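Computed over heavy atoms, backbone and side chain alike; hydrogens, waters and symmetry mates excluded. Quick caveat: nothing in here was measured; it's all calculated off a predicted structure.
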Amino acid sequence: MPHFSRLCAAAQGFSLLELMVTIAIAATLLAIGVPSFQTTINSNRLTGVTNELIGGLGQARSEAVRLNARVSLCASSNGASCAATGDWRGWIVFTNPDNDAVVDGGETILRTGLVPDSLAVRGNATVGGNLISFSGDGLPHAGNAAAPMVGGSISVCMATRQPKENTRIITVTPAGVRSSRVDNNGACP
C-alpha cells in the first residue's frame with residue numbers, strides 16, 4: 001500500500017508545458033470567438049432599433065384608426081419636435097389631426113425613441129424623408145400628403161462588415177410594415 005505522503009508529493013500542480021498548452025488553446029478560442037461576438041452585438045443593435053421603429057409605426061397606425069385622425073412618426077433630434085432634414089438621431093410618434101407635421105399645442109406625443117450614434121437611420125424620398133403619417137383608415141401617407149403612399153422605406157444601417165447584412169430596410173405599404181436585411185458591403189446608403 002502506497003504511503004500517504006508520497007501521493008501528496010506527486011500531485012503538486014501543472015507543469016510548464018501543460019500551462020503553455022492551456023494558454024495557447026485559450027488564445028485560439030478567444031481569437032475565434034471575439035469577432036463572432038462583435039457580429040452578434042452589432043446585429044442585435046440593428047435589430048433592436050428596427051423593431052422599435054416597427055413598433056412605433058404599428059402604434060401610429062393603430063392610434064390613427066382608433067382616433068379616426070392623423071397620427072405621425074417623424075425624425076426628431078430632441079424628442080419633442082420633428083427634425084426637418086438629416087439623419088434620424090431619434091424619433092417620435094404624435095397625434096397630428098391638423099396634418100401639419102408639427103407637434104402643436106393639444107397634440108400628444110405618444111412614443112419616443114433614440115438612435116445610437118453607431119447607427120444611421122434615413123427615410124427614402126417616397127416617405128418624404130423624415131415623416132410618415134397614418135390617416136383614420138390606417139393608410140400610410142408620405143409626410144402630410146393627401147394621397148396614400150404605395151410604398152416607402154426607412155433604412156437602419158451600421159457602417160461595418162460585422163454583420164455582413166449591415167442594413168435593415170423597413171418597408172411601409174398600405175398592406176402593412178415589414179423588414180428585410182441587406183448587404184451594403186459595409187457602407188450605409
Side-chain angles (χ1 to χ4, degrees), residues 43 45-104 107-159 163 165-189:
S43 182
R45 284 184 183 146
L46 284 163
T47 301
V49 170
T50 300
N51 288 342
E52 281 288 318
L53 277 165
I54 289 171
L57 289 163
Q59 182 178 9
R61 174 177 269 161
S62 66
E63 286 295 310
V65 171
R66 185 180 73 82
L67 298 170
N68 194 27
R70 286 263 180 151
V71 176
S72 300
L73 181 143
C74 69
S76 177
S77 59
N78 60 11
S81 63
C82 293
T85 59
D87 287 344
W88 296 35
R89 297 305 353 131
W91 50 270
I92 58 175
V93 174
F94 66 101
T95 59
N96 191 13
D98 58 1
N99 193 27
D100 65 354
V102 175
V103 182
D104 300 321
E107 295 178 345
T108 306
I109 294 176
L110 304 171
R111 187 174 184 168
T112 63
L114 294 174
V115 176
D117 290 336
S118 60
L119 300 179
V121 177
R122 295 182 185 101
N124 71 357
T126 305
V127 299
N130 287 347
L131 178 78
I132 299 175
S133 296
F134 292 92
S135 54
D137 56 8
L139 293 175
H141 299 262
N144 55 0
M149 71 177 172
V150 175
S153 65
I154 299 170
S155 67
V156 180
C157 180
M158 180 180 283
E165 295 173 324
N166 67 317
T167 303
R168 306 295 189 265
I169 303 294
I170 302 168
T171 305
V172 182
T173 66
V177 177
R178 63 179 164 71
S179 70
S180 57
R181 296 173 182 226
V182 176
D183 178 0
N184 280 322
N185 293 320
C188 290

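Under the 4.5 Å side-chain criterion, counting only non-hydrogen atoms from C-beta, R122 is in contact with C188. Residues M149 and I132 are in side-chain contact: their nearest non-hydrogen atoms beyond the backbone lie under 4.5 Å apart. At least one side-chain heavy atom of S179 sits under 4.5 Å from a side-chain heavy atom of I54. Looking at L46 and P163, their side chains come closer than 4.5 Å, going by heavy atoms from C-beta outward. The shortest distance between side-chain heavy atoms of P140 and T173 does not fall below 4.5 Å. Within the 4.5 Å cutoff, no side-chain heavy atoms of M158 are placed close to those of P116.
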List the steps and the verdict of side-chain contact (heavy atoms from CB on, under 4.5 Å) for V93 and F134. CA-CA 11 Å; V93 174; F134 292 92; over 6 Å; no
Step by step, work out the side-chain contact (heavy atoms from CB on, under 4.5 Å) result for E107 and D100. CA-CA 11 Å; E107 295 178 345; D100 65 354; 4.3 Å; yes
List the steps and the verdict of side-chain contact (heavy atoms from CB on, under 4.5 Å) for S43 and R168. CA-CA 10 Å; S43 182; R168 306 295 189 265; 3.3 Å; yes
Take V102 and S81 through the side-chain contact (heavy atoms from CB on, under 4.5 Å) test and state the conclusion after the steps. CA-CA 7 Å; V102 175; S81 63; over 6 Å; no
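Counting heavy-atom neighbours within 6.0 Å of R111 CZ, excluding the residue itself, gives a total above 12. Around atom CG of D117, no more than 12 heavy atoms belonging to other residues, nucleotides or ligands sit under 6.0 Å away. Annotation: L114, atom CG; neighbour count of heavy atoms from other residues, nucleotides and ligands within 6.0 Å does not exceed 12.
Note that CG of L67 and OG1 of T108 are 9.0 Å apart. Values are rounded to the nearest 0.5 Å. Put simply, CD1 on I169 and OG on S180 are 6.0 Å apart, with the number rounded to the nearest 0.5 Å. Atoms OG1 and CG, from T167 and N185 in turn, are 9.5 Å apart once rounded to the nearest 0.5 Å. Distance check, rounded to the nearest 0.5 Å: CG of L57 to CG of L73 gives 5.0 Å. Note: I154 CD1 to L53 CG = 5.5 Å, rounded to the nearest 0.5 Å. Put simply, CG on L119 and CZ on R89 are 7.5 Å apart, with the number rounded to the nearest 0.5 Å.
Panel note: side chain N130, backbone A83; a donor-acceptor pair is recorded below 3.5 Å. The backbone N or O of G186 sits nowhere less than 3.5 Å from a side-chain atom of N184 that would complete a donor-acceptor pair. Side chain of N96 to main chain of R70: no donor-acceptor pair is present (N/O by atom type, distance under 3.5 Å, no hydrogens or angles).
When all heavy atoms are compared, the tightest approach of N166 to A187 is ND2-O, 3.1 Å. In terms of heavy-atom proximity, V115 sits nearest to W91 at CG2-CD1, 4.3 Å. The nearest pair of heavy atoms linking C82 to F94 is SG-CE2, 3.5 Å. Considering all non-hydrogen atoms of both residues, G138 and R61 come closest at O-NE, 2.8 Å. Counting all heavy atoms, side chain and backbone alike, S72 lies closest to L131 at CB-CD1, 3.6 Å. The nearest pair of heavy atoms linking P174 to L139 is CB-CD2, 3.7 Å.
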